[in-house]
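The analysis underlying the following values was restricted to heavy atoms, covering all of them including side chains, and did not include hydrogens, waters or symmetry mates. A quick note: this is a predicted structure, and the numbers were derived from the prediction, not measured. For this chain, numbers begin at 1 and follow the sequence in order. Ligands are counted one by one from 1 in listed order, and the atoms in each one are counted from 1 as well.
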Amino acid sequence: MSVRVVIGAQWGDEGKGKIVDLLSDKAEYVVRYQGGANAGHTLKFDDKTVVLHLIPSGIFNGDAHCVIGNGVVIDPIALVKEIEGVKEMGFQLEGRFHISQTAHVILPYHKLLDQLKEKRRAGNAIGTTGRGIGPAYVSKVSRVGIRMVDLLDKEVLKSKIEQNIADINFALENLYKEPTLSADDLMAELDDSINTLSPFICNTTNMLHEGLEANKSILLEGAQGSLLDVDHGTYPYVTSSSPTSGGACTGSGVPPTALTHVMGITKAYCTRVGNGPFPTELHDDMGEELRKKGHEFGATTGRPRRCGWLDLVALKYACRINGINELTLTKMDVMDGFDEIQVCTSYIIDGKETKVFPLSLTEIEKIEPVYTALPGWDKDISGMTKWDELPEAAKSYINYVEEYLGVKFTIISTGPKRTETIIR
Ligand code: IMP
């Protein structure tokens, strides 16, 4: 039995989808625990490319129960579209897809507010995905949120929507100078989705507890990345949930004492999408080359991702806050053909060298990265499946990173397909 959390150890887009898909054939439950349709998990198998936003990435490999946990915020309309897409591909959801009763609902007004707030922030915009994530978590934390279980009782749902909409209309009219919304229109908009989603809504917390008691294997799938965590990330340029391992417990009901593995996923370089500090960002041709070679465009919004060298100071911080005890390296093949590969091994802040990731935004913005150059390799490693096939320089690169972090890489990804993987 294993209870493994799969976490993004950078700013998201590390390739968690591929790894969760790969590990799913040995899992009995695969659980998404936070975030919403801001995530875009790209999977490639049998010559198919699929992007999932809400359904756990385990749905295509094996027959694990796939659960959307209580920590996720769900856009019912987006989820129904995704369900239809998965069914069209010939995959069955009935009996193996489950939605937590206590996951919160993203309503159209959350998306509207997300976009209006970003516009108002102007030069200080977060660069959100515009999917309503922040406003939905605001509703949750301010205790006016609507939960999936509320969709099952239309009277309760209507009265909650009416209460919420009064405040939202006040803001739309007086602050944003936008047309107001009607509860009846919203109810009508939700009608079809409610019918589709109702059979999947259940007590997933109890389902997972029974799974634990029966020694079943559970895979907890994070979205975004540790440096976008609302507590531990580069606040305020973060998402509104906890992608870190603590969030896996609060977002699923699986207790911390049950976790057996915490797997951190890192690319062989760094990317970030949206605004906010990025100490090793490259604004030159090298950044452009990484973007092109790594196809670094957002899976949800299509935005070009900012690219830079691997930041070991930030990665060590991610290992510590998550308790990462195994690592996966993705996009290793993108590093083929460079004479030298730089890795950031310390920072200079106000003239002082440090290996500690700073927590204040002012300090983060002052970081001057200090790099160590490692030899590159000529060989094309894409698609390799054996450690012994890797060129010596690639092995040395991996060994160097492992030594710095004090954690071993158990999986190395050499391409986007399920099969293009080295398991150690
Ligand atoms: P939000 O999660 O849409 O509120 O966006 C907040 C920040 O998180 C923005 O910088 C987004 O670009 C970033 N973000 C959200 N989801 C993802 C993701 O799945 N990958 C990478 N960045 C993300």
Side-chain angles (χ1 to χ4, degrees), residues 6-20 32-43 50-57 68 71-75 78 82 104 106 109-121 123-141 221-244 247 251 264-267 269-278 281 291 294-308 314 318 330-331 361 364:
V6 176
I7 282 165
Q10 299 168 310
W11 280 282
D13 307 315
E14 298 89 353
K16 297 175 289 295
K18 166 179 166 169
I19 303 305
V20 172
R32 251 296 287 279
Y33 60 82
Q34 46 71 231
N38 49 349
H41 292 168
T42 308
L43 316 179
V50 195
V51 180
L52 292 176
H53 300 281
L54 281 160
I55 296 176
S57 303
I68 298 189
V72 177
V73 282
I74 300 173
D75 174 345
E82 208 166 297
H104 279 246
I106 298 187
Y109 54 73
H110 291 123
K111 287 205 266 187
L112 181 64
L113 286 177
D114 193 0
Q115 289 153 21
L116 293 172
K117 276 169 193 277
E118 280 285 89
K119 226 196 230 165
R120 244 175 99 78
R121 284 190 197 111
N124 296 319
I126 307 290
T128 72
T129 58
R131 299 296 194 270
I133 306 300
Y137 280 112
V138 167
S139 291
K140 172 176 173 171
V141 174
E221 175 182 15
Q224 291 83 47
S226 304
L227 296 168
L228 287 174
D229 186 281
V230 68
D231 284 283
H232 303 292
T234 49
Y235 191 91
Y237 298 99
V238 291
T239 191
S240 299
S241 64
S242 304
T244 45
I265 317 284
T266 173
K267 283 190 224 201
Y269 52 100
C270 270
T271 63
R272 175 165 199 161
V273 56
N275 302 332
F278 179 0
E281 182 169 14
R291 186 173 308 113
H295 308 289
E296 294 296 352
F297 296 88
T300 300
T301 57
R303 291 180 286 179
R305 295 180 185 139
R306 301 154 64 192
C307 297
T330 58
K331 299 231 175 171
L361 187 64
I364 299 175

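Considering both main-chain and side-chain atoms, G12 never comes within under 3.5 Å of ligand 1 through any nitrogen or oxygen pair. The shortest N or O to N or O distance between N38 and ligand 1 is under 3.5 Å.
Evaluated by nearest non-hydrogen atom to atom 1 (P) of ligand 1, the leading choice among V73, I126, T128 is T128.
At least one side-chain heavy atom of V273 sits less than 4.5 Å from a side-chain heavy atom of R305. Put simply, the side chain of P243 does not reach to within 4.5 Å of the side chain of I7, judged on heavy atoms.
Nearest protein heavy-atom contact of atom 6 (C) of ligand 1 is V238 O, 3.4 Å. Protein heavy atom nearest atom 17 (C) of ligand 1, with residue, atom name and distance: Q224 CG, 3.5 Å.
Of all the heavy atoms of T129, the ones lying under 4.0 Å from any atom of ligand 1 are found in both the backbone and the side chain. Contact annotation for R303 and ligand 1: only side-chain heavy atoms (C-beta onward) come within less than 4.0 Å of the ligand. Residue W11 touches ligand 1 through its backbone alone, judged by heavy-atom distances below 4.0 Å.
Residues in residues 129-139 take part in these side chain to side chain donor-acceptor pair (under 3.5 Å) pairs, two or more places apart or across chains: H110-S139.
The two residues L361 and P236 make their nearest non-hydrogen contact at CD2-CD, 3.7 Å.
Within ligand 1, counting atoms from 1 as listed, the ones closer than 4.0 Å to a heavy atom of G127 are 9 (C), 10 (O), 11 (C), 12 (O). Atoms of ligand 1 lying under 4.0 Å from at least one heavy atom of L228, given by number and element, are 8 (O), 13 (C), 14 (N), 22 (N), 23 (C). With ligand atoms numbered from 1 in the order given, ligand 1 contributes 20 (N), 21 (C) to contacts under 4.0 Å with heavy atoms of D13. Counting atoms of ligand 1 from 1 in the listed order, those under 4.0 Å from a heavy atom of G274 are 10 (O), 12 (O).
Note on ligand 1: S240 sits outside its first shell, no heavy atom being nearer than 4.0 Å.
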